[in-house]
Amino acid sequence: MKIATWNINGVKARIDNLTQWLKDSNPDIACLQEIKTVDEGFPRLEIEALGYHVETHGQKGFNGVAVLSKTKPDEVTRGLPGDPLDEQARFLEAVFSLPGNRVARVCCLYLPNGNPVDTEKYSYKLAWMERLRAFAAERLAYEEILILAGDYNVIPEPHDCFDPKVWENDALFLPQTREAFRRLESLGLTDAVRATTDAVPAYTFWDYQAGAWPKNNGIRIDHLMLSPEAADRMTSTAIEKHVRAWEKPSDHVPVVAYFDFAA
């Protein structure tokens, strides 16, 4: 099974790229972030025509996540628990049946950016990450296949960016941010890409400005974090970097992981 995450940066603006990618890459499950549309505005007909079921948690103008899947999920939960007043559409959990009477919980998430760091945006980011840690701890207790896939807006290590000096005061790379990510990881989650390669660079995002793409001035902020039950069944990963060179691209590229769930 192939499971992907991709910050699409506006699904309506990138619908041609999205449909082409679905045809070429053919993921079984695709988690999309920053769809930037309400649920009713999502171009589901174009996606359904390719054989995908569509679940969305949208928001007008910004944020929004979606899960596209070749089979319909058994359960869907919208919104990250822990703050009933949080109205930002950043989290969607879908539960799928697998062979052997097992399930896979696939969570599509879009963590807050957090900039500027001297505003409430950064405290919101850290609070959101703590809520995610609490959620993950609860789900890990089920001892099921759990995949937390999305745009984390976290650069985990210095080698995950082209120049640490450029990012040292950014919310994506501050020590508090990286420590929050390590607390999440220390629950027993595996960073899928780093479990399969030590390659540097392994970027997933290139800014539109300052020639970042042709200069390869990128960062790695899109991650699939796996429970032990998921990590045991992962066979490989890939960063589909070529998509960044397409016309009207997102500034992110798809990150994919392959699993053998038949065993």
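We use all heavy atoms of the structure for the numbers below, so side chains are in, but hydrogens, waters and symmetry mates are not.
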Please verify the inter-ring angle class for Trp213 with Trp206; under 30° counts as parallel, over 60° as perpendicular, anything in between as tilted. perpendicular
When the ring planes of His242 and Trp246 are compared, do they come out parallel, tilted or perpendicular, using 30° and 60° as the limits? perpendicular
Is a side-chain donor or acceptor of Asn17 paired with a backbone partner of Glu247 at a separation under 3.5 angstrom? yes
Side chain to side chain, [X] and [Y], heavy atoms closer than 4.5 Å:
| X | Y | result |
| --- | --- | --- |
| Arg14 | Lys248 | yes |
| Leu132 | Leu184 | yes |
| Leu146 | Cys107 | yes |

Lys/Arg N to Asp/Glu carboxylate O, [X] vs [Y], below 4.0 Å:
| X | Y | value |
| --- | --- | --- |
| Arg105 | Glu93 | yes |
| Arg133 | Glu130 | yes |
| Asp251 | Arg244 | no |

Excluding sequence neighbours, so at least two apart, what forms side-chain contact (heavy atoms from CB on, under 4.5 Å) with Glu55?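 For Glu55 the side-chain contact (heavy atoms from CB on, under 4.5 Å) partners, ignoring immediate neighbours, are His53, Pro73, Val76, Arg78, Leu92.
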Listed partners of Phe62 passing side-chain contact (heavy atoms from CB on, under 4.5 Å), at least two apart: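 side-chain contact (heavy atoms from CB on, under 4.5 Å) check on Phe62 returns Gln59.
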How about [X] and [Y]: does a side-chain donor come under 3.5 Å of a side-chain acceptor?
| X | Y | result |
| --- | --- | --- |
| Gln33 | Thr5 | yes |
| Thr196 | Thr237 | yes |
| Glu240 | Trp21 | yes |
| Gln20 | Asp24 | yes |
| Asp86 | Tyr124 | yes |
| Tyr122 | Thr177 | yes |

Can you list everything that forms a side chain to side chain donor-acceptor pair (under 3.5 Å) with Ser250? Sequence neighbours excluded, please.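 For Ser250, no residue satisfies side chain to side chain donor-acceptor pair (under 3.5 Å) once neighbours in sequence are set aside.
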Set of residues satisfying side chain to side chain donor-acceptor pair (under 3.5 Å) with respect to Ser69, sequence neighbours excluded: none
Per-pair distances, 0.1 Å, donor-acceptor, side chain in residues 164-174, under 3.5 Å, sequence neighbours excluded:
| residue | atom | partner | partner atom | Å |
| --- | --- | --- | --- | --- |
| Asp170 | OD1 | Asn115 | ND2 | 3.0 |
| Asp170 | OD1 | Leu172 | N | 2.9 |
| Asp170 | OD2 | Asn115 | ND2 | 3.3 |

Please say whether more than 12 non-hydrogen atoms of neighbouring residues, nucleotides or ligands are located less than 6.0 Å from CD in Glu138. yes
Is atom CG of Asp198 surrounded by more than 12 heavy atoms (other residues, nucleotides or ligands) closer than 6.0 Å? no
My understanding is that only residues two or more places apart in sequence, or in another chain, count here; which of them pass salt bridge (Lys or Arg N to Asp or Glu O under 4.0 Å) with Lys36?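 Listed in chain order: Glu34.
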Applying side-chain contact (heavy atoms from CB on, under 4.5 Å), run through Asn26 and Lys23 and close with a yes or a no. CA-CA 5 Å; Asn26 195 31; Lys23 293 174 186 175; over 6 Å; no
Take Thr204 and Lys241, measure what side chain to side chain donor-acceptor pair (under 3.5 Å) needs, and give me the verdict at the end. CA-CA 7 Å; Thr204 65; Lys241 182 178 175 180; over 6 Å; no
Ala257 and Met234: which non-hydrogen atoms are nearest, and at how many Å? CB-SD, 4.3 Å
Any idea which heavy atoms bring Tyr52 and Pro27 closest together, and the distance? OH-O, 2.6 Å
Of Leu68, Thr19, Leu18, which meets side chain to side chain contact (heavy atoms under 4.5 Å, CB included) against Leu50?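 Exactly one option meets the side chain to side chain contact (heavy atoms under 4.5 Å, CB included) with Leu50, and it is Thr19.
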Measure from NZ or CZ of Arg90 to the centre of the six-membered ring of Tyr110 and say whether it is under 6.0 Å with the direction within 45° of the ring axis. yes
Passes side chain to side chain donor-acceptor pair (under 3.5 Å), Asp39 versus Thr56? Steps please. CA-CA 6 Å; Asp39 296 335; Thr56 61; 2.9 Å; yes
Distance from Asp151 atom CG to Cys31 atom SG, nearest 0.5 Å?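 Atom-to-atom, Asp151:CG and Cys31:SG are 12.0 Å apart.
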